Peer 1: 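The structure's right below; bear with me while I get my questions together.
Predicted, not measured: the structure shown is a model, and the values here were computed from it. Start at 1 and go down the list; that is how both ligands and their atoms are numbered.
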Amino acid sequence: MTDPTTADVLVVGSGIAGCSAALAAAREGADVLVVTKAERPDGASTDWAQGGIATTRGDPESFTEDILAASADTADADAVDVLVENAPAAVSDVLVDTLGVEFDTSGAGYDFAREAGHSTSRILHVDASTGEHLLRPFLHYLDERDGIRIREDTAALDLITHEGRVHGALLDSEPGGEPAFAGATVLATGGIGACYRRSTNPPGATGDGLAMAALAGADVADMEYVQFHPTAYAGREAQSEGTGSDGTFLVSEAVRGEGAHLRNGDGERFMPDYHEDAELAPRDVVARAVDAERTETGEVVLDVSPLDFAGEFPDLAEKCEERGVDWTDGIPVAPCEHFLCGGIDVDDRGRTSLDRLFAVGECARTGVHGANRLASTSLLEGLVWGLRAGEAAVGNEIIESEPPELLDSDPDLPERFADEKFTRLRRVMEEQVGIRRTPDGLRRASAVLRRLKGEVDAYVRTRTARDLYELRNASVTALLVARAAAENEESVGCHYLEPPDATAPVDD
Ligand SMILES: Cc1cc2nc3c(=O)[nH]c(=O)nc-3n(C[C@H](O)[C@H](O)[C@H](O)COP(=O)(O)OP(=O)(O)OC[C@H]3O[C@@H](n4cnc5c(N)ncnc54)[C@H](O)[C@@H]3O)c2cc1C
C-alpha cells in the first residue's frame, strides 16, 4: 500500500453539491480533495439538469409558500427559510460572478421561467440544458483553483471510521483500496435512480453515499419519498432495462410551463379533470394521472403544438429527432424515477449525526422537500447546502486511523452476478416500491430485498470490484426505501398507498 492520501476536506462526488462544498472549503483556506466516479462530461445528474435553478425573486414569502404547498406542508419550515434566504446571494456570487454563467435573458433582464407548483416565474435557465452550463464551468474553475485536487474515475467504497468519528474514505484506486484521510468528509454522491428499472438519472446513481453513511451508523430520514417525474420520454428504447442512458430522457416541466398539454390515447386532454392547476399541478399528482391514463388508454403524449417547441426548446427537439420521434404528433411520455427527497439526515450546515461527516445535495435530507419536491429547487439546495457545509467542514485535525481491510479484486468475478441481482432489485422496486404502493407489496418487497442484500453481502466481503460495491450500496438503499415506505401508513406527497390487492404479488 502506498502512502495514504490526506486532505483537510474530502469531498465525494462532483455534481453541484460537491463542487459547491469544495469551493467553500477552499475559500476558507482548506486543502481539498474531490474524488468522483464521474468522468467528464458525464456521470452527474447535475450535468443532465434541464429546466433550471429557482431563485428567490420579489416576495420571498411566495417562494416559501410554494415549497411548503408542493410538499403537502411536510417540509421543514426552518430549512426552507435557509434555502429561500440564501438563494439570491449564492446564485449571484457563485454562478454569475465566479463562474460567469450566462442565463437566458429577455429584454433587459433575465428570462425567468415558471414550472409546475410555482406561483410565479422565478427559474433561471440556459435553454433547456441548464445543468451542463453550470457544472462544466464549475469543474473547470475548480481545476484552476489553488487548494483543490479533483480525481475522476475514482469511487469511494467505504467510510473510514473510529469511535463514531469519520476519518475519510477508502477509494477504489488501488486493488486493496486506497485510504484517503481527511479532517472532514463531505458526501455529495447524488441520487438513487439505478435502484429502479426506469430513471432519469445517470447509471452510477446507486445510492453510494447513502449506503456508506447508513452502514457507518448515520441517521437517514424520509427515504420513502421517491419522486417520479411525470414526463420522461416513453418511446421504444425507453422500455429497456436500466437508467437514463438507455434512451429515456426528461421532457422538462418547463415545456408544460410554456403551455404544452397532456393527452391520453383517445386524444383527450385529461389534466383539468385531475387538478385545478391542470398540467401545472404538483408533480406527484401529474405523475399518477399520467400513469392512470396510460393504463386506461394505452398511451399519453405531450402535445407541444401550443408552443414554438423547436424555437423555445431546441435541445429537446434535437433529442426527439435523434430518437426518430416526430414531436409534431406529440411526445410519448411516462412517469419514471427522478429524485430522492429524503436521504442522510443533516442540519442546516450539512452536518450528519456522525462527527466530521457531512452530506449535501440529493443524497442528503435537509428537510427542504418533505414528502415532495418543488420543481427546480434541487440544484439550488445543492448549491446553498454545499457552500454551507464546505465552510463548516474546515478546521478539523486529520487523523490516520486504521482503514477497513479489503481483499484484492478477484479477476475471476462472475460478470453476470451483479447484472442478475440488479435486475431483480430493480424489478421489485419498480413493481412494489414505485409510483403506487400497497402495504402488502411493501412488506413483501422488504423481505425480498433483505434476502437479496444478504446474498450480495456475502459476495462483497470477499471482493473489491466497484460494481459489487455499487450493488451493495443499491441493495442497502433499496431496503431503506422499502422499509421506510412499509412503516409509513399515511399516503402523502410521493408516497402513495393503494388498497392492498391493487398490485400483483412479488415473485422472487
Ligand atoms: C435529467 C434530469 C433533469 C433535472 N432537471 C433539474 C432541473 O432543471 N432543476 C433542478 O433543480 N434539478 C433538476 N434535476 C435534479 C438535480 O439535477 C439533481 O438533484 C442534482 O443535480 C443533484 O446534485 P448532486 O450534486 O447532489 O448530485 P449529482 O449531480 O448526481 O452528482 C453526484 C456525484 O457523485 C459521484 N459519485 C457517486 N457515488 C460516488 C462514489 N461512491 N465515489 C465517488 N463519487 C461518487 C457521481 O459520479 C457524481 O459526480 C434533474 C435531474 C435529472 C436527472
Side-chain angles (χ1 to χ4, degrees), residues 10-22 34-55 113 115 123-126 128-132 134-135 138-139 150-159 169-173 180 186-194 199-212 227 229 231-233 243-245 248-254 316 319 336-341 343 359-364 366 369 373-383 385-386 466 469-470 472-474:
L10 170 67
V11 177
V12 183
S14 62
I16 191 163
C19 288
S20 303
V34 180
V35 296
T36 178
K37 286 200 299 198
E39 287 178 90
R40 263 173 267 188
D42 235 331
S45 288
T46 302
D47 200 72
W48 294 12
Q50 296 181 353
I53 179 163
T55 189
E115 292 184 15
I123 296 159
L124 290 162
H125 60 100
V126 185
S129 51
T130 308
E132 66 178 70
L134 307 188
L135 190 60
F138 213 154
L139 288 165
I150 302 180
R151 277 172 57 180
E152 296 189 335
D153 190 21
T154 304
L157 300 176
D158 255 323
L159 294 173
L170 203 62
L171 312 179
D172 73 346
S173 35
V186 182
L187 295 172
T189 53
I192 65 161
S199 164
T200 59
N201 295 185
T206 42
D208 295 2
L210 250 155
M212 285 190 279
Q227 187 171 68
H229 197 287
T231 55
Y233 166 62
T243 53
S245 58
T248 306
F249 68 94
L250 195 71
V251 185
S252 166
E253 209 126 47
L316 288 177
K319 281 200 170 93
C336 84
E337 192 282 344
H338 184 54
F339 182 83
L340 177 65
C341 299
V360 290
E362 193 169 334
C363 70
T366 61
H369 309 299
R373 173 177 75 104
L374 179 66
S376 285
T377 51
S378 67
L379 289 174
L380 182 63
E381 183 195 34
L383 173 68
W385 256 265
R466 185 187 297 184
Y469 271 82
E470 291 181 327
R472 178 204 66 173
N473 296 333

Peer 1: Specify side chain, backbone, both or neither for T46, according to which of its non-hydrogen atoms lie closer than 4.0 Å to ligand 1.
Peer 2: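 T46 to ligand 1: contacts from backbone and side chain alike.
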Peer 1: Taking non-hydrogen atoms only, is H125 closer than 4.0 angstrom to ligand 1 via side chain, backbone, both or neither?
Peer 2: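 Neither part.
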Peer 1: For A188, counting its heavy atoms only, list the atoms of ligand 1 lying under 4.0 Å from any of them.
Peer 2: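 Near A188, meaning under 4.0 Å from one of its heavy atoms, ligand 1 has 32 (C), 33 (C), 34 (O).
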Peer 1: Thinking salt bridges, do R466 and D208 make one under a 4.0 Å N-O criterion?
Peer 2: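 Judged by the 4.0 Å cut-off on N to carboxylate O distance, R466 and D208 do not form a salt bridge.
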Peer 1: Taking 4.0 Å as the limit for heavy-atom contacts, which would you say applies to Y469 with ligand 1: side chain only, backbone only, both, or neither?
Peer 2: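 It is neither part, as no heavy atom is under 4.0 Å.
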Peer 1: Of the backbone atoms (N, CA, C, O) and the side-chain heavy atoms from C-beta on, which set of T154 has a member under 4.0 Å from an atom of ligand 1: side chain, backbone, both, or neither?
Peer 2: backbone
Peer 1: To check your reading of the model: name the closest protein heavy atom to atom 34 (O) of ligand 1, its residue, and the distance in Å.
Peer 2: G13 CA, 3.2 Å
Peer 1: So, Q50 side chain and S252 main chain: donor-acceptor pair closer than 3.5 Å or not?
Peer 2: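 Checking the backbone N and O of S252 against the side chain of Q50, a donor-acceptor pair under 3.5 Å is found.
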Peer 1: Quick check: closest heavy atoms across T36 and S14, and the distance to 0.1 Å?
Peer 2: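 That closest heavy-atom pairing would be OG1-OG, 2.9 Å.
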Peer 1: Counting distance only, does the side-chain N/O of E470 pair as donor-acceptor with the main-chain N or O of G204 below 3.5 Å?
Peer 2: no
Peer 1: Would you mind running through ligand 1 and noting each atom that sits below 4.0 Å from a heavy atom of V35?
Peer 2: 43 (C), 44 (N)
Peer 1: Note the single closest protein heavy atom to atom 1 (C) of ligand 1, along with its residue, its atom name and the distance in Å.
Peer 2: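 Scanning the protein heavy atoms, the shortest distance from atom 1 (C) of ligand 1 goes to W48 O, 3.5 Å.
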Peer 1: Can you name the nearest heavy-atom pair linking N201 to H338, along with the distance?
Peer 2: ND2-O, 3.0 Å
Peer 1: Identify, for atom 37 (C) of ligand 1, the protein heavy atom at the shortest distance, and state residue, atom and that distance.
Peer 2: T189 O, 3.4 Å
Peer 1: With a heavy-atom distance limit of 4.0 Å, tell me whether R373 approaches ligand 1 through its side chain, its backbone, both, or neither.
Peer 2: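 Only the side chain of R373 comes within reach of ligand 1.
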